[in-house]
There are 2 protein chains.
Amino acid sequence: MGENTLCPKFFKATEILSKRWNALIINQLLLGPQRFCSISSSLPISGRLLSERLKDLEKEDIVSREVYPEVPVRIEYRLTAKGLALQKVFEEMTHWSQEWIQIEAKKD
Amino acid sequence: MGENTLCPKFFKATEILSKRWNALIINQLLLGPQRFCSISSSLPISGRLLSERLKDLEKEDIVSREVYPEVPVRIEYRLTAKGLALQKVFEEMTHWSQEWIQIEAKKD
DNA sequence: CAGTATCCAACGCGATACTG
DNA sequence: CAGTATCGCGTTGGATACTG
């Protein structure tokens, strides 16, 4: 195992973005603030995991949870400034995927 | 589970890039073609996994394996055009990480 | 050097049921 | 709606030993 050129900040960034579902959740929130059920229904992720990931992302200060004390209460998740700053990353990822990813007809 | 707005190409992209180590391996290869032991010593990844990941990335046509029949034989891994096209993504990731990631003194 | 094979513990995570 | 708790199994992946 080596430690020479590996930048800890970049490493941390990959840890966050490589965690399963995180990229998709962030990408979804780039569309705008959303409620739990909205994110849940837009991604093939279980409620338990979505809850867990949102908490992780809150701890990383990428997502914030807003409670609107209406009746019934409404809770929205939105990207923080740190989260919004990922926009460029996702734009490039989207661009790359459109240009290079082939989707074959599923036969599995 | 929903299936409404999720783009399969983007989804596939996240599958590739979110797989543990893949981002770091690609980022390392963006520095130039490298031998197995070089990648191995630049990342805290076991040989078994590195081997597995490189094969995955070959299948995705992101990495190619070049054999130079010298004595002793030399084997290099390099990014394909598809892999090199990820440069922008990684530039943005690097930029974001430098701007937003804090590394706290470890006390865990 | 450039890997492969095996072993096995730890973790991830989906399903389900339940709470406020 | 917006979650949490528990269960259980399949996958991951580190360590180690071995091969050409």
Side-chain angles (χ1 to χ4, degrees), chain A residues 1-4 6 11 14-26 28-29 32-60 62-79 108, chain B residues 1-4 6 11-12 14-26 28-29 31-60 62-79 108:
Chain A
M1 296 180 190
E3 311 74 12
N4 34 3
L6 189 50
F11 182 74
T14 68
E15 281 192 318
I16 297 170
L17 296 176
S18 288
K19 192 131 192 173
R20 202 181 171 199
W21 301 116
N22 276 359
L24 291 167
I25 292 168
I26 293 167
Q28 185 65 25
L29 287 176
Q34 278 165 75
R35 306 174 68 167
F36 189 93
C37 67
S38 167
I39 307 172
S40 177
S41 67
S42 71
L43 302 174
I45 181 179
S46 69
R48 190 182 69 75
L49 269 208
L50 178 55
S51 173
E52 189 177 301
R53 290 297 186 267
L54 286 169
K55 262 182 209 158
D56 291 349
L57 291 171
E58 265 190 87
K59 276 198 188 132
E60 298 292 350
I62 287 173
V63 163
S64 78
R65 182 180 186 269
E66 310 286 343
V67 180
Y68 299 93
E70 304 166 353
V71 182
V73 68
R74 184 165 53 93
I75 293 163
E76 274 189 1
Y77 294 89
R78 63 174 63 238
L79 295 175
D108 188 11
Chain B
M1 295 182 192
E3 313 73 10
N4 32 3
L6 190 51
F11 182 74
K12 181 68 189 295
T14 68
E15 280 192 318
I16 296 170
L17 296 176
S18 287
K19 191 131 192 171
R20 202 180 172 198
W21 302 117
N22 277 359
L24 291 168
I25 292 169
I26 293 168
Q28 185 64 25
L29 287 176
L31 300 175
Q34 277 164 75
R35 306 175 70 166
F36 188 92
C37 67
S38 166
I39 306 172
S40 177
S41 66
S42 71
L43 301 173
I45 181 180
S46 68
R48 190 180 68 77
L49 270 208
L50 178 56
S51 174
E52 189 178 301
R53 290 296 186 269
L54 286 169
K55 263 183 208 156
D56 291 349
L57 291 171
E58 266 190 86
K59 275 197 187 132
E60 297 292 351
I62 287 172
V63 163
S64 78
R65 181 179 186 270
E66 310 287 345
V67 180
Y68 299 93
E70 306 166 352
V71 183
V73 67
R74 185 166 52 96
I75 294 163
E76 274 188 359
Y77 294 90
R78 63 175 63 235
L79 295 175
D108 188 13

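Sequence lines set the chain letters: A, B, ... in the order given, protein chains first and strands last, and positions in each chain run from 1.
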Pairing partner of C/dC11 (Watson-Crick or G-U wobble, both distances under 3.5 Å)
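Partner of C/dC11: D/dG10.
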Identity of whatever pairs with D/dT4 - Watson-Crick or G-U, under 3.5 angstrom
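C/dA17 is the nucleotide pairing with D/dT4.
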So, OP1 or OP2 of [N]: does either fall under 4.0 Å of a side-chain N or O from [X]?
{"X": "B/Y68", "N": "C/dC1", "result": "no"}
{"X": "B/S46", "N": "D/dA15", "result": "no"}
{"X": "B/K55", "N": "C/dG3", "result": "no"}
{"X": "A/R53", "N": "C/dC13", "result": "yes"}
{"X": "B/R20", "N": "C/dC11", "result": "no"}

Would you please say whether a donor-acceptor pair under 3.5 Å links the side chains of A/Q34 and A/E76?
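Distance-only check fails for A/Q34 and A/E76.
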Salt bridge or not between B/E60 and B/K12? Use side-chain N to carboxylate O under 4.0 Å.
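Yes, B/E60 and B/K12 are salt-bridged.
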Presence of salt bridge, A/E15 and A/K19, under 4.0 angstrom
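No salt bridge links A/K19 with A/E15.
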Can you name the closest pair of heavy atoms from B/I26 and B/L17 and give their distance?
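Answer, listing the atom of B/I26 first, then B/L17: CD1-CD2, 4.0 Å.
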Can you tell me the distance, in whole Å, between the CD atom of B/E70 and the P atom of C/dA2?
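After rounding, the gap between these two atoms is 11 Å.
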How many whole angstroms separate atom CD1 of A/I45 from atom P of D/dG3?
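It is 13 Å, rounded to the nearest whole Å.
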Counting only side-chain heavy atoms from C-beta out, which of C/dA2, D/dG3, D/dT4 sits nearest to A/S51?
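Output: D/dT4.
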On DNA chain D, compare the nucleotides closest to A/E52 and B/E52; which residue's is nearer the 5' end?
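Nearest-nucleotide comparison on DNA chain D picks A/E52.
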Along DNA chain C (nearest heavy atom to each residue), the more 5'-positioned of B/R48 and B/R35
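Looking at the nearest nucleotide for each, B/R35 comes out on the 5' side.
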